[in-house]
Amino acid sequence: MVPLLLDLAPLRENAPYRRLYAGFTLSNVGSQLAVVAIGLQVYSLTHSTAAVGIVGLCALVPLVFMGLYGGTLVDHYDRRVVGLVAQGVAFVTSLLCALQAWIGNTQVWVLYLLVAVWNGAFAVSSPARSSIYPRILRRDQLPAANALSVFAMNASMTVGPLLAGVLVDAGGFKAAYTTDAVITTAALWGLAKLPPLPPEPTEEGATPSKPGLRSVLDGFAFLATRPNVRMTFVADIAAMLLAQPRVLFPAAGAVIFGGGARTVGALSAAAAVGGIVAMFFSGRLGHVRRQGLAIMVSIVGWGFAIAGFGAAMLAAGGVLSRGHALWFGLLAMAVAGAADSVSSVFRTTILQAATPDHLRGRLQGVFIVVVAGGPRLGEMAGGFLSTGVGEAWTAVIGGMACVLAIVVLARVQSGFLRYDARHPTP
């Protein structure tokens with residue numbers, strides 16, 4: 001009988017994975033808390049959605065550069081050591097975020113700089129962690145492990161934003177950032193307890209190429225000739241670039257729905273709650289063979305949900321009361337979170353299963369550029385678009401543009417719809 005609920009076998013059977021999972025789950029709570037707090041602090045200093053959108057640009061440049069270069073480090077050096085160093089930099093950045101709040105910083109450029117440093121560190125630590133999983137888990141456990149990771153991330157995105165709203169309201173930004181710094185230490189613990197994970201030899205018996213431009217280009221050369229792996233990136237770019245709603249949340253809380261920081265936290269958490277529910281009933285995902293088709297259907301669902309969120313904002317204070325419109329907005333974000341979570345499980349599984357070990361770091365580096373950099377670029381675009389058409393229409397237009405883009409991609413790359421998980425072909 002195919003299981004319905006979340007598959008916990010990787011946690012039960014693998015102690016190194018269990019420690020790594022626990023450490024990063026706790027750390028991610030702090031990270032999501034800090035993301036919301038930074039958006040709120042920038043908005044409180046500038047009262048500008050466009051200024052919040054610039055946070056995305058400050059994150060994008062280090063994400064792109066360090067995601068690509070960091071992937072070569074992961075392929076060349078011990079993955080445990082690379083992850084520890086990168087996570088150490090992220091921890092120091094969290095301490096500096098707390099410090100600027102405690103001394104009463106009023107300069108928005110300080111926040112932009114800290115965002116850049118933290119995202120550079122994240123762009124290295126994330127591919128290191130993702131490349132570790134295929135080394136410590138069996139291939140048949142990868143879908144379950146990825147579902148667990150998405151479940152944990154969504155739980156973090158529920159607890160973190162809600163905690164940010166409570167802490168910012170009760171103790172200001174210094175309380176929020178200090179809490180983030182304390183719980184970020186959990187990720188260091190999870191990595192420190194891993195065994196050494198030096199790079200494996202290639203099929204030719206040589207060690208991977210040294211970090212640098214040539215190594216990065218090798219990864220892109222592989223990607224250019226592997227349509228199924230490539231489509232996992234292209235489809236996600238379409239979703240994140242065209243329909244990224246997070247930059248709209250501060251204005252939604254301050255002006256459209258009302259409620260301020262608590263509404264911002266609730267909107268962020270609603271997407272995570274949707275993801276949690278989807279992953280709680282994810283037992284069947286490991287038995288899905290047409291994983292490419294599942295990705296495309298999921299992203300279409302994301303686009304329609306974001307358009308629905310925009311419709312809720314349009315209705316606020318007019319067709320619906322602000323309170324009722326907020327509930328519809330929360331429901332739309334929950335559906336979006338569920339769709340994104342299913343897509344994430346299959347995109348990660350295809351990448352891990354269809355990529356050789358000596359290239360996993362570089363491809364995971366590209367993956368983090370897309371997964372983390374795409375939303376940042378989408379936030380920047382959404383922030384500037386909202387100055388012309390407003391926050392509500394930005395969501396409606398972006399959601400429908402996402403749906404249209406996926407339909408076009410499905411016609412152009414129809415082979416991706418036939419990808420068979422039993423025979424992972426890159």
Side-chain angles (χ1 to χ4, degrees), residues 26-56 58-59 90-91 93-119 122 153-186 244-273 313 322-323 326 329-330 333 337 375-376 379 383 391:
L26 293 173
S27 177
N28 283 336
V29 172
S31 299
Q32 295 302 318
L33 185 161
V35 166
V36 173
I38 286 173
L40 288 169
Q41 189 176 0
V42 170
Y43 194 78
S44 72
L45 291 174
T46 65
H47 302 288
S48 168
T49 297
V52 179
I54 293 174
V55 172
C58 295
F91 173 63
T93 307
S94 296
L95 291 175
L96 292 174
C97 282
L99 177 62
Q100 65 85 30
W102 279 97
I103 65 177
N105 168 58
T106 59
Q107 301 298 314
V108 71
W109 68 264
V110 173
L111 295 170
Y112 290 157
L113 178 62
L114 291 171
V115 165
V117 174
W118 187 90
N119 279 275
F122 173 77
M153 176 56 71
N154 282 302
S156 301
M157 292 174 66
T158 303
V159 176
L162 290 174
L163 188 58
V166 172
L167 290 173
V168 170
D169 277 348
F173 296 111
K174 56 183 179 291
Y177 294 129
T178 301
T179 302
D180 167 45
V182 170
I183 59 181
T184 294
T185 58
Q244 176 52 243
R246 190 165 56 191
V247 71
L248 309 175
F249 291 170
V255 179
I256 299 172
F257 295 128
R262 292 180 183 271
T263 295
V264 174
L267 288 169
S268 299
V273 168
M313 289 193 285
R322 296 169 87 189
L326 175 58
L330 293 171
M333 289 310 306
R376 298 300 186 180
E379 288 170 12
E391 285 78 12

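Below, all heavy atoms of this structure are taken into account, side chains as well, without hydrogens, waters or symmetry copies.
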**Partners passing side-chain hydrogen bond (donor to acceptor under 3.5 Å, both in side chains) against E391 (at least two apart in sequence or in another chain)** =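 Scan of E391 (side-chain hydrogen bond (donor to acceptor under 3.5 Å, both in side chains), adjacent residues dropped) gives T49.
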**Prompt:** How close do R246 and Q244 get, heavy atom to heavy atom, and via which atoms?
**Reply:**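 Shortest heavy-atom contact: N-OE1, 3.2 Å.
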**Prompt:** Rounded to the nearest 0.5 Å, how far apart are SG of C97 and CG of L111?
**Reply:**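 Here the rounded value is 7.0 Å.
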**Prompt:** Which atom names give the shortest non-hydrogen contact between D180 and T184, and what distance separates them?
**Reply:**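 For D180 versus T184, the nearest heavy atoms are O-OG1, 2.7 Å.
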Please list, one pair per line, the donor and acceptor atoms closer than 3.5 Å that link side chains of residues 27-38 to other protein atoms, with sequence neighbours excluded.
unit_1: N28; atom_1: ND2; unit_2: F24; atom_2: O; d: 3.1
unit_1: S31; atom_1: OG; unit_2: S27; atom_2: O; d: 3.3

**Item:** Distance in Å, T178 OG1 paired with F173 CZ, rounded so as to fall on 0.5 Å steps
**Value:**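 So the gap between those two atoms works out to 13.0 Å.
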**Message:** Could you report the tightest heavy-atom contact between A176 and L167, atom names first, then the distance?
**Reply:**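 Heavy atoms of A176 and L167 come nearest at CA-CD1, 3.9 Å.
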**Request:** With sequence neighbours left out, write down each residue that passes side-chain hydrogen bond (donor to acceptor under 3.5 Å, both in side chains) with T93, or none if nothing qualifies.
**Result:**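 T93 satisfies side-chain hydrogen bond (donor to acceptor under 3.5 Å, both in side chains) with no other residue.
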**Asked** When the ring planes of Y43 and H47 are compared, do they come out parallel, tilted or perpendicular, using 30° and 60° as the limits?
**Response**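 Correct class here is perpendicular.
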**Request:** Tell me, please, which residues at least two apart from L26 pass side chain to side chain contact (heavy atoms under 4.5 Å, CB included).
**Result:**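 Listed in chain order: A186.
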**Message:** With heavy-atom distances below 4.5 Å as the criterion, would you say the side chains of L99 and N105 are in contact?
**Reply:**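 When only atoms from C-beta onward are counted, N105 and L99 do not touch, as no gap falls below 4.5 Å.
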**Asked** About how many Å separate CH2 of W109 and CG of L113, when rounded to the nearest 0.5 Å?
**Response**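 So the gap between those two atoms works out to 6.5 Å.
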**Request:** Mind listing the closest non-hydrogen atom pair of V115 and A59 along with its distance?
**Result:**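 Scanning both residues completely, I find the closest heavy atoms to be CG1-CB, 3.8 Å.
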**Prompt:** Between A175 and T179, which heavy-atom pair has the shortest distance, and what is it?
**Reply:**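 Smallest interatomic distance, heavy atoms only, reads O-OG1, 2.8 Å.
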**Request:** Please list, chain by chain and in numerical order, all residues satisfying side chain to side chain contact (heavy atoms under 4.5 Å, CB included) with A51, sequence neighbours excluded.
**Result:**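 A51 satisfies side chain to side chain contact (heavy atoms under 4.5 Å, CB included) with V42, T46, S48, Y112 once adjacent residues are dropped.
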**Message:** Show the nearest heavy-atom pair for residues V52 and P250, with the distance to one decimal.
**Reply:**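 The answer is CG1-CG, 4.4 Å.
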**Prompt:** Is Q41 close to L45 at the side-chain level, that is, under 4.5 Å between some pair of heavy atoms?
**Reply:**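 L45 vs Q41: side chains touch.
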**Message:** I need the F257 CZ to T263 OG1 distance, nearest 0.5 Å.
**Reply:**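 Answer for the CZ-OG1 pair, F257 versus T263, is 8.5 Å.
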**Message:** Please list all pairs meeting side-chain hydrogen bond (donor to acceptor under 3.5 Å, both in side chains) that have one or both residues in residues 249-261, counting only residues at least two apart or in different chains.
**Reply:**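 Qualifying pairs: none.
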